[in-house]
There are 2 protein chains.
Amino acid sequence: MRFLHTADWHLGRRLFGYDLTAEQDDAFKQLVTIAQEEKVDAIVIAGDLYDRQNPAETAVAQLTKMISTVNLELKLPLLMINGNHDSAVRLGVGNQWFTATNFYLQTELAQAFEPIEMNDVQFFLLPYFELYQARQYFNDDHIRTLEQAMIKIMAAIKQRFVKGKRHILIAHFFAAGSLHSDSETTVNVGGLEAVPLDLLADFDYVALGHVHNKDALQNPTIRYSGSLIKYSLSEENQTKGVLIVDTEPNVKVKFRPITPLRDVQTVEGSFIDLTNTEYLSNHQINQDAYTGIILDDTNVISNASALLRQQFSHFLNMSRANGVSTFTAHQISTQEINSPMTLLTKFYQEMTQRSLSQQQQDWAEQALKEVDE
Amino acid sequence: MRFLHTADWHLGRRLFGYDLTAEQDDAFKQLVTIAQEEKVDAIVIAGDLYDRQNPAETAVAQLTKMISTVNLELKLPLLMINGNHDSAVRLGVGNQWFTATNFYLQTELAQAFEPIEMNDVQFFLLPYFELYQARQYFNDDHIRTLEQAMIKIMAAIKQRFVKGKRHILIAHFFAAGSLHSDSETTVNVGGLEAVPLDLLADFDYVALGHVHNKDALQNPTIRYSGSLIKYSLSEENQTKGVLIVDTEPNVKVKFRPITPLRDVQTVEGSFIDLTNTEYLSNHQINQDAYTGIILDDTNVISNASALLRQQFSHFLNMSRANGVSTFTAHQISTQEINSPMTLLTKFYQEMTQRSLSQQQQDWAEQALKEVDE
């Protein structure tokens, strides 16, 4: 059979305050097109559907619509688990009714040992779980690490292996050897230690979620699909997309990219250049992407973020390549401050690299006199 | 056919901070027993399943279990709408899948015009809606009151009436003539004005939710089932339960009570009596019910709530039948206060109706002397 492997949709997530609904909807639309072009037999989603345990109503409506498109409109079987960002209870609502249309949403550890059989494949859906749940399930208080839990889980799963069938694991954890990026670790990853790859060796394919970078793991059949879209500046150079997995005659995996509706970029340069429309246009710098700015100036620039925000419609943040010269007020020796007017003049000069105009001086002196009186 | 009519479960609601899960679970169990005894063909729930738009995870798990018991285990058809306390989006998750097992959960106004037909009955499920939704649906900006909206809705529903069938409306609003109680109005009831009974006259039966008192409306076929349990002190004298409705040969309604696991009561008396275990036992006053206390004393009693809380395991609040004598400190004339010790003595006397003992006087004098130094 052939299925599409995706994960880490993180519906409801924002990027520096920007709503990403349009980007997610567009990526989902491309995913549907790919599923149709590739004539897949099923869709696999390996956790982190939502960004939060208690997602906003808009995110709930968004996922409900996506899921209904895939399973009820396109009539595609759907295999899905919760990730560490999802609430098993909230995400799992209705799942007892879903199986009638081949929508298998498994959110309890016990369900990992009840494979879903489809064509000649046994799918084992291992939802994200907390260690205490593994201790309860196996009635074993000695389970203290994810590795200890996984050894037991894998043994129990393998007892259900039917010979002659393909065995596929759908799971959500950090596999040993994967490369971390920023955005999958910002929220609680409690209990998500690494799972050694050896433990996964007996599966024909492991469809993982959790790490947002599809290339984080260099293994032909243990794969992260990566996230649906870029969720942090650290993901700017990652290509997002989905994996198309064939199980016959041998497991074969193909990556199909998804083009971002609005890309994420980091732009480095001087403040003067990056606030100059002509410069930006000559250098083909996209002013509408989600943009992090790195300034290579070292002087203090007052109001820099606000001015950059005017230039870049989806400005995210600003940082400094070389740091900033020590704050200049400290450089004014106290001996020089013989009057408020001197302090003001020197401060203005240091902050703006310009001197007070005659009119500004007049205003300032007038104001200080009034305060004095 | 015969169905059970219930409403206003308000899962997640607390009573003066007390968790009511056990009470709700017990009432639900009785409801199931009644449904089985009465051999009903369906269960109707007229809104306010949850107490909040965004219910706690525990309430979500509780409702999911109840619903699955009724529809999947007992295989009873289920007709359900959202009330003003429910979020249509959150409550509605999965409803497209539910119809396969005759679970009709309707949360959109448009669905009111697609009757569910069962035996010889047409059920119209009108979910709680906001006026802007009616304006949108009818593309009519003139709809400014619930009555105006209901006139249009009723006309559209009646167009779907099939002759020879019974017509039953399931809805969640305040019907004109009903008696308000406390707890259904504490949270936002925006847009929930009264619906005149005339508008409902063409239905064979109207299964209403919203008002917690089953006797609030004196009409044989337009009925509130009342809430599942007592949700405020003002409901203490209401009998809770469910309605069993027969549609043939004529509509016949029967009330079946549900016995509270822990009842709600108000107890009135003097502080001395109500903190006297023998008195309470002689007067057969339940010390474990959810209890609101009304004191008929008029003097100030220090620490009264804390002492009553020791006597009544589920103490809710305390109020006064006759008010309290004006705060006594004001009655001490300023001329009498010639020393801190005098003030303290008089204050103690007024608050406790007793004089300071010699030992207390000694302590107080010692303490004041130390402060002085």
Side-chain angles (χ1 to χ4, degrees), chain A residues 11-12 21 49-80 82 84-111 127-130 133 188, chain B residues 11-12 21 49-80 82 84-111 127-130 133 188:
Chain A
L11 303 183
T21 307
L49 278 301
Y50 291 123
D51 194 51
R52 296 161 176 271
Q53 303 275 324
N54 192 349
E57 207 178 61
T58 47
V60 174
Q62 191 186 13
L63 181 64
T64 303
K65 191 158 184 301
M66 289 172 170
I67 290 306
S68 121
T69 299
V70 168
N71 184 244
L72 297 180
E73 280 176 41
L74 306 179
K75 300 197 187 307
L76 276 172
L78 187 53
L79 301 117
M80 186 163 128
N82 56 299
N84 57 311
H85 282 246
D86 302 305
S87 150
V89 168
R90 290 183 194 278
L91 184 67
V93 166
N95 65 356
Q96 292 173 280
W97 283 265
F98 296 158
T99 54
T101 56
N102 294 313
F103 171 15
Y104 303 95
L105 165 55
Q106 303 198 170
T107 57
E108 286 169 38
L109 179 52
Q111 297 178 301
Y128 172 79
F129 60 94
E130 302 285 349
Q133 293 170 311
N188 172 36
Chain B
L11 303 183
T21 306
L49 278 300
Y50 291 122
D51 194 50
R52 294 162 177 271
Q53 303 275 323
N54 193 348
E57 209 178 58
T58 47
V60 174
Q62 190 185 15
L63 182 63
T64 302
K65 191 158 184 301
M66 289 172 170
I67 291 306
S68 121
T69 300
V70 168
N71 185 242
L72 297 180
E73 280 176 42
L74 306 179
K75 300 197 187 308
L76 276 172
L78 186 53
L79 301 117
M80 187 163 128
N82 57 298
N84 56 311
H85 282 247
D86 302 306
S87 150
V89 167
R90 291 184 193 278
L91 184 68
V93 166
N95 65 357
Q96 292 172 280
W97 283 265
F98 297 157
T99 54
T101 56
N102 293 313
F103 173 14
Y104 302 95
L105 165 54
Q106 303 200 168
T107 57
E108 285 169 39
L109 179 52
Q111 296 178 302
Y128 172 78
F129 60 93
E130 301 284 349
Q133 293 170 313
N188 172 34

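A quick note: this is a predicted structure, and the numbers were derived from the prediction, not measured. Worth knowing before you read on, the calculation uses all heavy atoms, side chains too, and leaves out hydrogens, waters and symmetry mates. Chain letters run A, B, ... following the sequence lines, proteins first and then strands; every chain starts at 1.
- In this structure, no portion of B:L63 lies under 4.5 Å from any heavy atom of chain A.
- In this structure, no portion of B:A100 lies under 4.5 Å from any heavy atom of chain A.
- Using a 4.5 Å cut-off between heavy atoms, B:T101 touches chain A through its side chain atoms alone.
- The residue among B:N95, B:N71, B:T64 with the most heavy atom pairs within less than 4.5 Å of chain A is B:N71.
- Note: A:N54 CG to B:R90 CZ = 5.5 Å, rounded to the nearest 0.5 Å.
- B:A56 touches chain A through its backbone: at least one of N, CA, C or O sits under 4.5 Å from a heavy atom, while the side chain does not.
- Between chain B and the options A:V93, A:L72, A:T58, heavy-atom pairs under 4.5 Å are most frequent for A:L72.
- Note on ring orientation: taking the six-membered ring where Trp is involved, the planes of B:F98 and A:F98 are parallel (angle under 30°, cut-offs 30° and 60°).
- Rounding to the nearest 0.5 Å gives a distance of 12.0 Å between CH2 of B:W97 and OG1 of A:T99.
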